[in-house]
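Notes follow once the structure below has been shown.
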Amino acid sequence: LKHRKSIIFTHDLQFMRLKSLNAIKFFEEKFLNINKKLELSTYIKFDYTLVVSKLEYDVLKDNFFPNEKIILSGSAHETMHPKKLSKKWDLLYVGASGNKPNIEGLTYFLKNIWPQLKLLKPDIKIAVAGSIGQDIQYKFKNDKNILILGYIEDLTKVYAKTKIVIAPLYTGSGIKGKVLEGISNSKVVVTTSTGIEGMEKTVRDCCLVYDETNDWIKSIMSMLKSEEKRKKIEKNAKIWSKKFLTNKYVWKDLILKIIS
């Protein structure tokens with residue numbers, strides 16, 4: 001047992017998540033600092049701390065965390081090869097319930113961007129998959145253009161029937177799984193700068209990244225009008241997924257540390 005190495009997988013750094021969620025000053029600065037110290041003191045007890053994004057890797061280094069104890073991984077996703085199915089929905093949102101960044105992001109989209117899209121394209125359809133549907137279904141129950149799918153174990157066919165995946169994220173930390181899942185399904189993903197935080201810079205080749213409402217509206221309408229533009233980005237997404245989302249690429253540094 002002496003030679004076994006201990007590893008903690010962070011998923012995301014909680015003190016960064018709390019800081020991101022603290023835009024309305026919900027927490028006192030003193031609490032945030034105490035929480036940060038506790039979290040870092042836990043990580044240091046392990047031989048290695050596994051982080052999923054370059055941003056978090058740099059944050060640990062900036063907090064004087066030993067470089068040799070940090071491993072940058074990522075998030076592995078299988079590159080899917082969806083069947084060619086007729087497109088049932090223009091837009092797709094996938095998310096879990098009880099997640100503040102998810103609820104805030106989707107609510108903002110449905111209140112501020114969705115009405116403008118319907119004015120421009122009255123027959124536009126959006127599907128909402130995942131348990132987050134229960135958080136928004138009553139607020140938007142009278143909107144016949146919104147379909148609440150609920151939890152679906154295998155989303156492969158749902159992605160195949162969708163033209164564009166949206167990920168309106170304005171808070172949160174770590175790698176955003178919904179963005180990577182959309183890419184791994186070779187879909188056009190419209191997201192924010194927060195949505196691609198910590199990812200390889202080339203991810204912009206397969207994502208449309210905007211933080212302003214008008215830019216979201218313009219980009220979505222442009223993609224819906226042009227199948228040629230969508231196919232170009234879908235091709236880029238498949239290439240990017242095969243390069244950066246494989247188990248071999250994501251876990252290479254971890255394997256090297258373990259066997260060294």
Establish, from distance only, whether the side-chain atoms of E39 and Y43 form a donor-acceptor pair under 3.5 Å.
yes
Polar side-chain atom of N63 near backbone of F65 as donor-acceptor pair, under 3.5 Å:
no
Got more than 12 heavy atoms from elsewhere within 6.0 Å of NZ, K252?
yes
Is it true that F46 and L72 fall in one hydrophobic cluster, defined by side-chain heavy atoms closer than 4.5 Å?
yes
Using modelled atom types and a 3.5 Å cut-off, is there a donor and acceptor pairing between side-chain atoms of S41 and backbone atoms of L38?
yes
Any side-chain to backbone donor/acceptor pair from S73 onto L50? Under 3.5 Å, distance only.
no
Are I7 and V52 connected into the same hydrophobic cluster when the rule is that any two of I, L, V, M, F, W, Y join if their side-chain heavy atoms are below 4.5 Å apart?
yes
I'd like to check Y48 versus L254 (side-chain heavy atoms, cut-off strictly below 4.5 Å). Are they in contact?
no
Could you grab the distance from atom CZ of R204 to atom OG1 of T191, nearest 0.5 Å is fine?
10.0 Å
With a 4.5 Å cut-off on side-chain heavy atoms, are I126 and N145 touching?
no
Exercise: identify the closest heavy-atom pair between K176 and T194:
NZ-O, 3.2 Å
Heavy atoms from other residues, nucleotides or ligands near CD of E227 exceed 12 (cutoff 6.0 Å)
no
Nearest heavy-atom pair of F140 and K111: which atoms, and what distance?
CZ-CG, 4.2 Å
Please state whether the rings of Y249 and F244 are parallel, tilted or perpendicular, taking 30° and 60° as the class boundaries.
perpendicular
Going by distance alone, is a donor N or O of one side chain under 3.5 Å from an acceptor N or O of the other, for N67 and Y57?
yes
Working to the nearest 0.5 Å, report the span between CD of E181 and NZ of K187.
12.5 Å
Pair listing, salt bridge (Lys or Arg N to Asp or Glu O under 4.0 Å) test, anchored in residues 133-145, at least two apart:
K118-D143
Would K61 and D58 satisfy side chain to side chain contact (heavy atoms under 4.5 Å, CB included), going step by step from the backbone distance to the final call?
CA-CA 5 Å; K61 286 207 305 181; D58 291 337; 4.1 Å; yes
Just wondering, do L180 and W240 contact through their side chains at under 4.5 Å, heavy atoms?
yes
Taken to the nearest 0.5 Å, the spacing of L106 CG from I166 CD1 works out to 6.0 Å
With rounding to the nearest 0.5 angstrom, report the OG1 to CG distance, T202 to N236.
10.0 Å
So, using salt bridge (Lys or Arg N to Asp or Glu O under 4.0 Å) as the criterion, who are the partners of K218 when residues are at least two apart?
none
Linking I/L/V/M/F/W/Y whenever any side-chain heavy atoms sit under 4.5 Å apart, do L155 and Y151 land together?
no
Closest heavy-atom pair, Y170 versus D211, reported as atoms and distance to 0.1 Å, is CE2-O, 4.4 Å
With S222 via side-chain hydrogen bond (donor to acceptor under 3.5 Å, both in side chains) - residues at least two apart
K229
Verify same cluster id: I239, L208 (apolar side-chain graph, 4.5 Å)
no
If you round to the nearest 0.5 Å, how far is CD1 of I70 from CG of D253?
12.0 Å
Could you grab the distance from atom NZ of K163 to atom CE of M223, nearest 0.5 Å is fine?
12.5 Å
Whether the side chain of D47 engages the backbone of S6 through a donor-acceptor N/O pair (distance < 3.5 Å, no angle test) should be reported.
yes
Does some side-chain heavy atom of K100 sit less than 4.5 Å from a side-chain heavy atom of T171?
no
How close do G95 and N102 get, counting heavy atoms only, and between which atoms?
CA-ND2, 4.0 Å
When L91 is tested against each of L117, I146, V165 for side chain to side chain contact (heavy atoms under 4.5 Å, CB included), which residue passes?
L117
Can you check whether L60 reaches L13 side chain to side chain, under 4.5 Å on heavy atoms?
yes
Using the side-chain hydrogen bond (donor to acceptor under 3.5 Å, both in side chains) criterion, which residues pair with E234? Sequence neighbours excluded.
none
Between W216 and Y210 (side chain of the first, backbone of the second, donor and acceptor by atom type, cut-off under 3.5 Å), is there such a pair?
yes
Which residues pass the side-chain hydrogen bond (donor to acceptor under 3.5 Å, both in side chains) test with Q116, not counting sequence neighbours?
none
Tightest non-hydrogen contact, residues I164 and I220, listed as CD1-O, 3.9 Å
Residues which pass ring pair (Phe, Tyr, Trp, His ring centres under 6.0 Å) with F9, listed by chain and number, not counting sequence neighbours
none
Looking only at heavy atoms, the pair that brings S184 and S241 closest together is CA-OG, 3.5 Å
Please step through salt bridge (charged side-chain N to carboxylate O under 4.0 Å, His left out) for the pair D90 and K125, ending with a clear verdict.
CA-CA 5 Å; D90 298 293; K125 297 286 191 298; over 6 Å; no
Around E228, counting heavy atoms of other residues, nucleotides and ligands shown, do more than 12 lie under 6.0 Å from its CD?
no
